[in-house]
Number of protein chains: 2
Amino acid sequence: MTTHTKHMSADERRTATVEAVVELAARHNPSEITTTAIARQMGVTQGALFKHFPTKEAILEAVMGWVAERLLARVDQAAAAATSPLLALEAIFMTHVDFVAEHPGVPRVMFGELQRARMSAPKRMAQALIRRYGERLHRLIEAGKASGELSSSIDTAAAVTLFVGTIQGLVMQTMLAGDVRRIRNEAPGVFALYRRAIGSRP
Amino acid sequence: MTTHTKHMSADERRTATVEAVVELAARHNPSEITTTAIARQMGVTQGALFKHFPTKEAILEAVMGWVAERLLARVDQAAAAATSPLLALEAIFMTHVDFVAEHPGVPRVMFGELQRARMSAPKRMAQALIRRYGERLHRLIEAGKASGELSSSIDTAAAVTLFVGTIQGLVMQTMLAGDVRRIRNEAPGVFALYRRAIGSRP
DNA sequence: TGATAGTAAGTAAGTAATTACTATCTTACA
DNA sequence: TGTAAGATAGTAATTACTTACTTACTATCA
């Protein structure tokens, strides 16, 4: 319940800034997201941003933190509700796809940070997020192999790479088509193929 | 066998410019590839670029043309030498991985162009390349289903998306590790999973 | 309670640096 | 010698960030 005041609190403004970046990234190239564009999206002057963030990089750092927290929380929640490793992988997949469909700018910002030449705080956070995500997948796949639900002959590292790449492929299709709804429609078919790839054969 | 002259011909310079961009993209964020950086990579002043290209966008257009021509030629050559649809898909996969390992900047430039907000000539060329690439995959997968080599129950469109995403996933791993050789090492394992996903079961 | 001083949040108008691109002059080769 | 290729030194526009000033909320105290 935000009262209609002209001034926001520092915390509200920081959150609003992060959300503005995520929304802008859905329609614009991350490298074209200038501080002026962020401020305009928020209905505020450009200089006002620097009351809450020392640099633009600090803004991107906050964005990466926002993404890591929300994505991992939802993914963990989905996995916890599942009753087997394979079902957990499917739940994670669909949850991730939902997240990307809700926030199409997120994978673009992530990829943009990873592409940076020099190491930076936001790039480090993007790497850390993918590493943590990969560890969760690795554990689930190993558990699935142990329980016999997944084929014990598959390469776990390759299965992790394929999982992440599968979502990347869906994101790419979305960017090609320019239609966000498409990712939700195509996701089940693509995961069905992934299940064929890793599942044990009857 | 370029003779040691100070002035290059227009055609040589255009090719050298494209190669400079591809080399720069291997180490730098595509949006950080300025005309100054391109010129420095070529050992030439920045203004000299505009003797051969009217705009920077025209340079990127030439880059996309260079990529489309070389990648599709190599992919077609690899597919033609294969004796079955599945072997053709494997040959295309490995050829593509080789191409990316040789030119790690290429997928970054491609992805960067696709991310652009407004339509542009290079973006259109990137979309056209992926479309043509996808059509080739589509035909091969359909042929494989007809011959019984691939499962007839799989979704062909999803299989195309998964193929492209699989390579994207390998590229992402490369960017995370910062080590180009890794993609060649991991490629066979990942394709083995892809084969499990689409192949008919014995 | 109600005036008021202090402060956080915001504005407006700057800065230097960098960008793509250009005008003018110079060099090298056929 | 004429011309294409390149060098030099610009241009206006845009970038992240700053400075000086103004507004709105809040805690304090008579």
Side-chain angles (χ1 to χ4, degrees), chain A residues 1-21 24-25 28-64 109 112-113 116-118 120-123, chain B residues 1-21 24-25 28-64 109 112-113 116-118 120-123:
Chain A
M1 62 176 66
T2 49
T3 55
H4 186 273
T5 54
K6 196 165 182 185
H7 286 191
M8 274 189 182
S9 78
D11 268 1
E12 285 172 328
R13 207 38 118 188
R14 284 180 62 93
T15 305
T17 305
V18 167
E19 286 167 356
V21 171
L24 278 173
H28 295 83
N29 192 337
S31 63
E32 289 165 7
I33 298 177
T34 64
T35 53
T36 304
I38 299 170
R40 192 185 311 126
Q41 171 82 17
M42 301 168 69
V44 133
T45 60
Q46 187 237 14
L49 292 186
F50 293 90
K51 294 285 171 183
H52 307 291
F53 296 94
T55 63
K56 186 189 179 184
E57 188 174 297
I59 296 177
L60 293 172
E61 216 176 317
V63 171
M64 295 311 307
V109 173
E113 286 306 316
R116 290 227 122 81
R118 290 172 300 184
S120 65
K123 179 176 178 177
Chain B
M1 64 217 75
T2 49
T3 56
H4 186 274
T5 54
K6 198 164 182 185
H7 285 191
M8 271 190 184
S9 77
D11 268 1
E12 285 173 328
R13 208 36 119 188
R14 283 180 62 93
T15 305
T17 305
V18 166
E19 285 167 356
V21 171
L24 279 172
H28 295 83
N29 192 334
S31 64
E32 288 165 6
I33 298 178
T34 65
T35 53
T36 304
I38 298 170
R40 193 187 308 124
Q41 171 83 16
M42 301 167 69
V44 133
T45 60
Q46 187 235 14
L49 291 186
F50 292 90
K51 294 284 171 183
H52 308 290
F53 295 94
T55 62
K56 187 189 180 185
E57 187 174 297
I59 296 177
L60 294 172
E61 215 177 317
V63 171
M64 295 312 307
V109 173
E113 286 305 316
R116 291 228 122 79
R118 289 171 301 183
S120 64
K123 179 174 178 179

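We name chains A, B, ... by the order of the sequence lines, and we start the count at 1 in each one.
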Inset, instruction - Can you sort out the partners of B/S9 under side-chain hydrogen bond (donor to acceptor under 3.5 Å, both in side chains), two or more places apart, ordered by chain and number? - result: B/E12
Legend entry - Approximate separation, where rounding is to 0.5 Å, of B/T34 OG1 and B/Q46 CD: 7.5 Å
Inset, instruction - Return the value, rounded to whole Å, for the distance between atom CZ of A/R13 and atom C1' of D/dC25. - result: 14 Å
Sequence neighbours left out, cut at 3.5 Å: what donor-acceptor pairs do the side chains of residues 53-62 of chain A make with other protein atoms?
{"unit_1": "A/T55", "atom_1": "OG1", "unit_2": "A/E57", "atom_2": "N", "d": "3.4"}
{"unit_1": "A/T55", "atom_1": "OG1", "unit_2": "A/A58", "atom_2": "N", "d": "3.1"}
{"unit_1": "A/K56", "atom_1": "NZ", "unit_2": "A/I33", "atom_2": "O", "d": "3.0"}

Legend entry - Point-to-point distance, once rounded to the nearest 0.5 Å, from CE of B/M8 to CZ of B/R13: 4.5 Å
Inset, instruction - Using whole Å, report how far CD of A/E12 lies from P of C/dA8. - result: 16 Å
Legend entry - Between C1' of C/dC21 and CD1 of B/I38, the distance in whole Å: 13 Å
Legend entry - Of all pairs that satisfy salt bridge (Lys or Arg N to Asp or Glu O under 4.0 Å), the ones with a partner from residues 32-52 of chain B, not counting sequence neighbours: A/R116-B/E32
Inset, instruction - Encode nucleotides 15-22 of chain D as B, S and - characters from 5' to 3', where the letter depends on protein heavy atoms closer than 4.0 Å: B to the base, S only to sugar-phosphate, - to neither. - result: SBBB----
Inset, instruction - With sequence neighbours left out, write down each residue that passes side chain to side chain contact (heavy atoms under 4.5 Å, CB included) with A/T15, or none if nothing qualifies. - result: A/E19
Legend entry - Spacing of B/L60 atom CG relative to C/dC21 atom C1', expressed in whole Å: 15 Å
Legend entry - Length of the NE2-C1' vector between B/H52 and D/dA5, whole Å: 6 Å
Inset, instruction - In whole angstrom, give the distance that lies between atom CZ of A/F53 and atom C1' of C/dA9. - result: 14 Å
